[in-house]
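Each residue takes its place number in the sequence, starting with 1.
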Amino acid sequence: MRQAFRWTAAASGLACVATLACHGGAVARATPAPFDFYDRGPYRPGIPRPAEVLGYEPGTYHTNYGNMERYVDALVHAASDRCRLAPYGRTYEFRSRALLVVSSPANLARVDEVRAANQRLADPRRTTPAEAERLIRETPVTVWLNYSIHGDESASFEAMLQVAYQLAAGEDSTTQLILDRCVVLLNLAHNPDGHERFVTWVNAKGTGDPDPWALEQQGQQPWGIAGRTNHYQVDLNRDALAMSQRESREQAAAYRAWRAQVFVDHHGQTAQFFFPPTAAPMNAVLPREEVERWNDVFGRANAAAFDRYGWQYYVRDIFDFFYPGYWDAWPTFQGAIGMTYETDGGGNLALRRDDETVVTLRDGIARHFVASLATCETAARNRETRLRDFHGFARAAVEEGRRGAVKAFALVPGRDPQRAARLAENLLHAGVEVQWMPRGFRSGAAQPVWWDAPVAKPAEAKKPKAAEAAASSATARPRAPEPPVEAHAFPAGCYVVDLAQPAG
């Protein structure tokens with residue numbers, strides 16, 4: 001089929017520019033539609049567009065954090081039946097962090113019930129199969145759209161404003177479908193401090209000159225700007241494993257409170273737009289077949305949305321799915337489908353690419369806007385299946401703990417109890433249940449996770465020739481010795497992760 005061929009080309013890293021269709025054996029190239037942020041109407045009256053509050057059109061100026069908050073406040077006030085602001089923390093520079101919760105009036109009226117339902121689906125120890133099926137039938141799917149984790153990837157920050165307006169004001173059937181079947185969480189900015197440094201600099205010095213030698217086109221911002229990182233110059237998209245920064249810990253807590261089933265992290269800037277399927281390797285702990293299936297579902301939907309406008313895109317390439325500290329992978333380990341979207345355009349007002357074409361900030365905003373809405377629509381159309389897989393992920397994890405050979409992990413404080421406590425705290429931030437043991441206990445069959453294998457004594461006798469041949473063979477590599485399994489006494493003050501414990 002031509003459709004399959006078009007997708008295969010994209011999967012191999014080739015750009016797809018237009019939709020291909022079969023017409024009597026011939027291939028017809030569709031004429032791309034012109035893009036406009038407001039071609040999805042009708043829109044509700046009285047809901048302000050971003051430009052009406054900010055004073056400039058999307059992509060003509062970089063929005064600072066205070067002006068973004070000003071617009072979001074105006075939007076929540078004008079569309080309070082669809083929008084609700086949910087603060088969840090502050091940055092090191094005391095900028096507020098919040099989720100903009102958008103859904104239908106009926107869903108917003110029971111949004112606390114939706115959060116509770118997500119928690120029960122995420123923990124099958126507290127949910128009977130019959131109750132889980134009822135919740136799957138009745139609960140909207142929760143979609144988390146994460147914006148501006150890297151503060152100088154500016155199209156992401158701007159796109160959030162346009163997505164928020166569309167969901168708050170749109171009266172078209174697709175927007176209504178999203179609102180009826182989804183609770184959409186827009187994280188206004190993951191990294192407000194870095195974004196503010198970058199925007200202050202680029203608005204003062206940038207002119208929109210796409211020449212590669214222009215100041216704003218240089219690969220490294222001036223010393224002290226580093227808008228990519230947070231206040232302490234930490235890349236927050238590498239911190240979901242260590243949880244060393246306030247922003248990471250706050251977002252992890254907010255995610256665990258909502259348990260979104262779809263999570264998208266918006267980035268930039270690449271030569272063309274990237275969305276999953278991802279490249280190899282995929283972390284072996286994840287259910288590969290399920291993750292790849294959902295990557296394909298969302299990827300094809302994004303491709304169809306981009307084909308409408310004739311936009312280029314690619315998949316796989318260098319964006320793998322192995323490291324659990326990225327903010328697309330971390331929610332996937334919690335049962336969500338996490339994805340990274342990388343846009344072309346952004347970081348400044350215009351950029352000249354290697355092929356001499358110019359891509360603008362407005363282009364980057366438009367790509368993220370379309371991908372965000374395509375993701376919400378896809379989640380809405382697959383609501384029940386996504387919720388069932390989300391619950392199934394948790395159920396499989398619980399069963400693995402009950403039936404697996406390893407029943408628990410014990411963390412012994414040893415000579416550095418503070419270090420052990422920090423590790424236990426890190427596990428708690430990740431949502432792992434950790435118990436502190438006030439008394440010592442004994443296990444009849446314990447095995448160290450790390451140990452020093454005894455050093456083998458050199459053989460006195462010469463090896464037989466057959467043994468030498470076997471040892472030199474590439475297929476006869478010596479296996480590392482297994483740590484011993486034996487009875488062990490654990491002191492008071494240990495931390496225990498009990499994989500087989502039922503809910504208390």
To the closest 0.5 Å, what do you measure between CH2 (W311) and CG (N302)?
11.0 Å
Between N382 and T385, does any side-chain donor sit less than 3.5 Å from a side-chain acceptor?
no
Pair D193-H231, side-chain hydrogen bond (donor to acceptor under 3.5 Å, both in side chains): steps then yes or no
CA-CA 6 Å; D193 296 347; H231 174 81; 4.9 Å; no
Please find out if less than 6.0 Å separates the ring center of Y43 from that of Y165.
yes
Within 45° of the six-membered ring axis of Y92 and under 6.0 Å from that ring's centre, is NZ or CZ of R246 located there?
yes
Derivation of the side chain to side chain contact (heavy atoms under 4.5 Å, CB included) call for V111 and S103:
CA-CA 9 Å; V111 72; S103 193; over 6 Å; no
N237 side-chain N/O to H150 backbone N/O, donor-acceptor pair under 3.5 Å
no
Using the rule given for side-chain hydrogen bond (donor to acceptor under 3.5 Å, both in side chains), can you reason through Y65 versus R95, listing the C-alpha separation, both sets of side-chain angles and the distance that settles it, and then say yes or no?
CA-CA 8 Å; Y65 200 76; R95 292 183 177 87; over 6 Å; no
Salt bridge check, R293 against E289: does any charged N sit closer than 4.0 Å to a carboxylate O?
no
Would you compute the distance between atom CG of L236 and atom CG of N191 and round it to the nearest 0.5 angstrom?
5.0 Å
Counting only N and O atoms by type, is there a donor-acceptor contact under 3.5 Å from the side chain of R249 to the main-chain atoms of M243?
yes
Can you find a side-chain donor-acceptor pair between H195 and N64 that sits under 3.5 Å?
no
D498/K407 ion pair, N-O < 4.0 Å
no
Option from V183, V184, D265, N187 for which side chain to side chain contact (heavy atoms under 4.5 Å, CB included) with W144 holds
N187
N426 side-chain N/O to A242 backbone N/O, donor-acceptor pair under 3.5 Å
yes
Taken to the nearest 0.5 Å, the spacing of Y326 OH from R238 CZ works out to 4.5 Å
Can you confirm whether the side chains of E377 and T174 place a donor and an acceptor under 3.5 Å from each other?
no
Taking the six-membered ring of F198 (Phe, Tyr or Trp), confirm whether the NZ or CZ of R228 is under 6.0 Å from its centre and within 45° of its axis.
no
Indicate whether the side chain of N67 and that of R70 have a donor and an acceptor atom separated by less than 3.5 Å.
yes
Please evaluate residues E342 and R367 with respect to the criterion salt bridge (charged side-chain N to carboxylate O under 4.0 Å, His left out), reporting the C-alpha separation (whole Å), side-chain torsions for both, the decisive distance (0.1 Å), and the verdict.
CA-CA 9 Å; E342 300 264 357; R367 289 1 171 209; over 6 Å; no
Quick test of your reading of the model: are E399 and R402 salt-bridged, counting only N-O distances below 4.0 Å?
yes
Is a side-chain N or O of D172 found less than 3.5 angstrom from the main chain of T175, in a donor-acceptor match?
yes
Give a yes or no on whether a salt bridge exists between R44 and D81, defined as a side-chain N under 4.0 angstrom from a carboxylate O.
yes
Distance-only, no hydrogens or angles: does the R383 side chain make a donor-acceptor pair with backbone N or O of R137 under 3.5 Å?
yes
Run T270 and D344 through side-chain hydrogen bond (donor to acceptor under 3.5 Å, both in side chains) and show every step you take.
CA-CA 5 Å; T270 48; D344 49 341; 5.8 Å; no
In terms of heavy-atom contacts, does CD of E400 have more than 12 from other residues, nucleotides or ligands at under 6.0 Å?
no
Could you go through V76 and R84, starting from their C-alpha distance and side-chain angles, then the distance that decides it, and tell me whether this counts as side chain to side chain contact (heavy atoms under 4.5 Å, CB included)?
CA-CA 6 Å; V76 171; R84 181 180 301 179; over 6 Å; no
Could you measure the distance from the CG atom of N146 to the CE atom of M160? Nearest 0.5 Å is fine.
11.5 Å
Is there a donor-acceptor pair closer than 3.5 Å between any side-chain N or O of R353 and the backbone N or O of Q272?
no
With a 6.0 Å cut-off on the ring centroids, do F393 and F390 count as close?
no
Can you tell me how far apart CG (L100) and CG (L167) are? Round to the nearest 0.5 Å.
8.5 Å
Is a donor from one side chain sitting under 3.5 angstrom from an acceptor on the other, for W294 and D296?
no
Are any side-chain N or O atoms of Q162 and backbone N or O atoms of A159, one a donor and one an acceptor, separated by less than 3.5 Å?
no
Could you tell me whether R362 and E158 have a side-chain N and a carboxylate O separated by less than 4.0 Å?
no
Which of E133, E131, E138 passes salt bridge (Lys or Arg N to Asp or Glu O under 4.0 Å) with R120? It is E131
Between E247 and N230, a side-chain donor and acceptor under 3.5 Å
yes
Salt bridge check, R82 against E171: does any charged N sit closer than 4.0 Å to a carboxylate O?
yes
Answer yes if the side chains of Q166 and R40 hold a donor-acceptor pair under 3.5 Å, and no otherwise.
no
Using every non-hydrogen atom in the two residues, find where P48 and L75 come nearest and quote the distance to one decimal.
O-CD1, 4.2 Å
Side chain to side chain contact (heavy atoms under 4.5 Å, CB included) assessment of T142 paired with V262:
CA-CA 7 Å; T142 302; V262 178; over 6 Å; no
Going by an N to O cut-off under 4.0 Å, is there a salt bridge joining E250 and R90?
no
Dump the intermediate steps for side chain to side chain contact (heavy atoms under 4.5 Å, CB included) on T332 and F321, then the final yes or no.
CA-CA 10 Å; T332 309; F321 211 70; 3.3 Å; yes
Return yes if a side-chain donor-acceptor contact under 3.5 Å exists between D235 and T229, otherwise no.
no
Under 6.0 Å between ring centres: does that hold for F157 and Y147?
no
Shortest non-hydrogen contact from S154 to H62?
OG-CE1, 3.2 Å
is_close_aromatic(Y255, W330), centroid dist under 6.0 Å:
yes
From D363 atom CG to T343 atom OG1, the distance as rounded to the nearest 0.5 Å:
8.0 Å
Looking only at atom types and distance, does a side-chain atom of Q261 sit under 3.5 Å from a main-chain N or O of R259, one as donor and one as acceptor?
yes
Pair Y341, T375: side-chain N/O donor-acceptor within cut-off below 3.5 Å
yes
When you measure from the side chain of N295 to the backbone N and O of E292, does any donor-acceptor pair fall under 3.5 Å?
no
Between the side chains of T278 and D320, does any donor sit under 3.5 Å from an acceptor?
no
With no hydrogens and no angle check, is any side-chain donor or acceptor of Y309 less than 3.5 Å from a backbone partner on V370?
no
Centre-to-centre under 6.0 Å for F274 and Y313, is that the case here?
no
Using every non-hydrogen atom in the two residues, find where A379 and V143 come nearest and quote the distance to one decimal.
CB-CG2, 3.6 Å
Have S148 and H266 got a donor and an acceptor in their side chains that come within less than 3.5 Å?
no
For the aromatic rings, using the six-membered ring if either is Trp, is the centroid distance between F35 and F37 under 6.0 Å?
yes
